[in-house]
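If you read the sequence from its start, that first residue is 1, and numbering goes on from there. Whatever order the structure lists ligands and atoms in, that order sets their numbers, starting from 1. Note that this is a predicted model, so its numbers are computed, not measured.
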Amino acid sequence: MQYFIDVILPIPLEKLFTYSITEAEADFIKPGTRVAVPFGKQKIYTALVHHIHQNEPTFYEAKEIHQILDENPIVTEQQLKFWSWISSYYMCTLGDVLRAALPSALLLESETIVTLNKDTEVDELSLKDDEFLVYEALTHQSSLKVQDISHILDKKNCLPTLKRLIEKEVITLDEELYEKYKPKQVRYIKLNEAYASDESLTTLLNTLNSRATKQRDILMNYFAMSAASKSPIKASDLVKKSNASSAQIKALIDKDILQDYVLNVDRVSFANDDIEASKELNTYQSDTLNNIIKTFENQNITLLKGVTSSGKTEIYVKLIEEVLSQNKQVLYLVPEIALTSQLVSRLKQYFGNQISVFHSRYSNNERVEVWQHVLNGSDKAKVILGARSSIFLPFSNLGLVIVDEEHEVSYKQFDPAPRYHARDAAIVLASHFGAKTLLGSATPSVESYYNATMSKKYGLAELNERYNNVLMPEIELVDIKDKYKRKRMKGHFSDRLIEEMTEALDNGFQVILFQNRRGFSPIIECNTCGHSPQCPNCDVSLTFHQYKNQLRCHYCGHHIAMQNACQACGSVELDSKGFGTEQIQEEVSNLFPEIKVSRMDLDTTRGKYSYEKIISAFENQEVDVLVGTQMLTKGLDFRNVKLVGIMNADNLLNFPDFRAHERSYQLMQQVSGRAGRTKERGKVLIQTYNPYHKILQQVSVNDYNGMFKEQMDERYNYKYPPIYKLIKITLQHRDYNKVNDGTEWLSKSLRQLFKQHVLGPEFPPISRIRNQYHKNILIKIPEQQSLGKTKEAILKIKNSFLSIKDFRPIKVVLNVDNY
Ligand code: ADP
Ligand code: ZN
Ligand code: ZN
């Protein structure tokens with residue numbers, strides 16, 4: 001009997017690839033096991049076994065695998081099923097999914113960089129011949145790829161050699177990308193069993209009494225520590241506590257008085273000491289909780305629409321407790337984990353070590369650790385708090401998925417493939433387990449609210465009271481066109497904003513100032529009247545394209561020449577530049593020289609803990625004014641903020657996107673929600689050129705339903721989600737003409753099938769990125785049109801496109817639900 005495996009390679013292949021295995025291997029290998037396989041001329045990849053079978057491939061001879069890398073599968077069959085869904089829904093390969101899903105430490109491959117370990121004095125004589133060859137090569141070249149080493153050794157599989165060299169600490173693999181997983185070990189100390197009885201102990205202390213006072217001292221500290229806590233005593237803690245040296249402790253070990261032992265510990269662990277009971281819900285909250293539970297009787301998905309600071313988190317906590325009591329796992333998704341240090345510590349209080357955080361900024365080792373815990377169903381990973389990629393963890397017994405701030409854009413991955421939306425994928429993941437999903441937001445996305453109210457796909461629960469009956473902040477719109485005219489502006493600050501800031505700061509309150517970094521997008525705005533030229537077909541602002549000196553709509557291609565004067569008021573003061581957070585920060589320092597101001601945006605938050613530092617400095621009131629971008633909107637809970645200022649609402653509203661208005665509403669409501677969360681009612685000032693803009697009016701009176709209704713009308717009229725589905729096709733190539741010709745050809749073929757539902761081709765506002773031209777085609781899919789068939793047709797057309805020699809080098813990017 002001949003046996004074969006089909007594997008997923010971590011590269012974008014359309015199909016699974018087949019290798020031959022022996023009968024013995026077939027007995028051992030299960031789906032989800034990793035194997036090292038040769039591919040192409042000389043590459044070796046870590047591949048994942050998809051299934052085992054006995055059908056020889058028709059078009060090529062199956063090669064043998066090099067090595068089985070796992071004793072037990074590291075990926076579950078459930079995951080493989082979920083990956084298939086991702087790959088077919090989001091139109092990407094399983095290889096793309098594999099790469100996104102597995103921590104890269106689990107994907108050692110031939111592109112891995114090998115370098116000499118500088119900390120090791122190498123004894124050349126201890127090296128075998130092949131090991132020496134690699135060592136010698138590395139003394140001449142500072143780094144080599146695994147495939148280069150294959151060459152040097154003239155061996156296809158050099159991984160065993162490398163493995164030995166790693167164990168001998170001669171080489172290291174590229175730490176950044178491919179640090180291999182190694183459990184972290186900690187040394188502990190305990191008293192020798194022989195001294196367990198009081199009697200023997202007294203004798204011991206007496207002998208030490210006269211001669212070795214330091215050793216006695218160490219022992220006394222050991223007793224004090226073990227009396228204070230039941231947890232094992234770390235050698236390093238004992239050293240510190242008794243102010244001793246390691247040598248002094250070693251002396252006690254040599255005398256067989258103390259013993260040391262080693263345990264694997266997690267890099268990421270939380271103290272279990274101060275677990276608290278969860279909070280008692282007030283009546284509004286417990287009514288809402290009951291509503292959620294009731295909707296779950298008939299619905300798998302429920303939307304919780306709860307105003308900011310209503311205590312949604314406390315409700316989640318109750319649901320989590322319930323699921324944990326059934327011994328099931330919980331996935332708690334948040335849009336940006338780095339911003340949730342506050343949430344992490346809150347949940348740790350309730351769930352202690354049962355919480356694992358999955359974090360893109362965690363090191364590879366830390367991520368592998370969480371992976372293993374989830375895979376083993378360990379108690380340490382009962383609740384996973386994570387950003388979008390945590391949907392890929394190997395859950396075995398998922399009972400509940402919570403998607404907090406479900407409206408957030410960052411749930412969507414734009415690049416690279418898989419271009420998935422974590423909220424939508426999480427719903428599917430939950431359904432594979434028969435688990436429930438709760439979506440939470442104060443400002444639900446239009447599509448989710450539509451699903452909860454109009455199409456009834458989701459249940460709906462609402463919570464409209466803030467906790468402690470704190471009033472929603474008072475929102476005031478400041479007309480800066482008028483302020484400019486009457487010379488009431490200092491820089492970008494209106495007299496009203498300065499007044500309110502002065503009052504808040506004088507009374508010891510803190511202030512948040514919000515400036516969207518999208519302010520730099522090339523949209524033309526009239527400085528006099530605030531008008532911004534719009535597309536007549538799409539209801540979006542036109543974007544300035546410098547190289548053609550045109551204003552263009554990047555959805556439908558409508559364009560006009562760049563204007564010399566404002567179409568509305570005739571003023572020539574047209575401005576295409578926004579202003580950024582840095583400038584605001586500077587202006588604050590000039591207006592209020594005494595106070596401390598800091599800034600939170602992409603530039604100030606690059607380091608691993610930089611968010612935490614800024615957030616805790618603000619929490620501890622070391623900073624009076626915090627200037628920031630949309631990062632500020634994400635669920636932060638500050639006690640002492642009285643005033644929120646939105647520096648310029650217009651550049652949000654004028655963003656060229658069919659969701660610009662919805663997003664503006666969400667952003668402004670969320671930022672406003674940071675004000676006055678405890679005792680005093682907060683205040684929000686919104687500076688704008690268009691105080692009568694519908695969205696601003698709706699924001700100022702918290703009219704979510706008004707916003708929703710109006711947006712839905714537009715989505716019907718202009719055929720956008722949730723009424724129509726969207727798939728965006730982007731062609732990329734360094735040759736401008738190729739991209740042009742390619743998109744022409746492609747859109748023509750698509751149009752034959754989808755008629756007027758094909759928009760474009762159109763260059764995006766930034767049409768060249770890293771020397772690659774991009775051009776888009778947008779396909780709108782009406783509700784009654786089968787999504788599956790549409791995708792099949794698109795793939796077919798894509799394949800004929802790529803079979804044309806001229807077009808073959810063009811990169812075709814498919815983005816399903818590209819918003
Ligand atoms: P949301 O997530 O809806 O914005 P939070 O869950 O952050 O609201 O709650 C806002 C604040 O109110 C938090 O500081 C929280 O600890 C507090 N809070 C909410 N519900 C309760 C409760 N039932 N008992 C005590 N404090 C609560
Ligand atoms: Zn004007
Ligand atoms: Zn248009």
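- Taking the side chain as every heavy atom from C-beta outward, Ser448 and His407 never approach each other to under 4.5 Å.
- Per-residue contacts place Glu314 under 4.0 angstrom from the following atoms of ligand 1 (heavy atoms of the residue considered): 15 (C), 16 (O), 19 (C), 20 (N), 21 (C).
- When heavy-atom distances to ligand 1 are checked against a 4.0 Å cut-off, Lys312 comes that close through both its backbone and its side chain.
- Each of the atoms 23 (N) of ligand 1 lies under 4.0 Å from some heavy atom of Leu281.
- Summarising the contacts of atom 25 (C) of ligand 1 with Arg639, Arg346, Lys279, the nearest heavy atom is found in Lys279.
- Between Leu347 and Tyr332, the shortest heavy-atom contact is CD1-CE1, 3.8 Å.
- Distances shorter than 4.0 angstrom occur between a heavy atom of Ser310 and an atom of ligand 1.
- Salt-bridge annotation for Arg496 and Glu499: present, with a side-chain N of the basic residue lying under 4.0 Å from a carboxylate O of the acidic one.
- Residue Ser309 has at least one heavy-atom neighbour below 4.0 Å for each of these atoms of ligand 1: 1 (P), 3 (O), 4 (O), 8 (O), 10 (C).
- Atoms of ligand 1 found under 4.0 Å from any heavy atom of Glu280, numbered from 1 in the order shown, are 22 (C), 23 (N), 24 (N).
- Electrostatic pairing of Lys318 and Glu314 does not count as a salt bridge here, judged by no charged N lying under 4.0 Å from a carboxylate O.
- Between Trp85 and Tyr90, a ring centre-to-centre spacing shorter than 6.0 Å is recorded.
- Close to ligand 1: Val307, with a non-hydrogen atom less than 4.0 angstrom away.
- A salt bridge links Lys725 with Asp817; the closest basic N to acidic carboxylate O contact falls under 4.0 Å.
- Those atoms of ligand 1 with a heavy atom of Thr313 less than 4.0 angstrom away are 2 (O), 5 (P), 6 (O), 7 (O).
- Between Gln329 atom CD and Gln354 atom CD the span is 11.5 Å, to the nearest 0.5 Å.
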Apply the test side chain to side chain donor-acceptor pair (under 3.5 Å) to residues Tyr449 and Asn705: give CA-CA distance (whole Å), side-chain angles for both, the deciding distance (0.1 Å), then the verdict.
-> CA-CA 10 Å; Tyr449 200 61; Asn705 288 330; 3.2 Å; yes
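- No heavy atom of Arg466 sits closer than 4.0 Å to any atom of ligand 1.
- In terms of polar-atom proximity, Thr308 is not counted as a contact of ligand 1, lacking any N or O under 3.5 Å from an N or O of the ligand.
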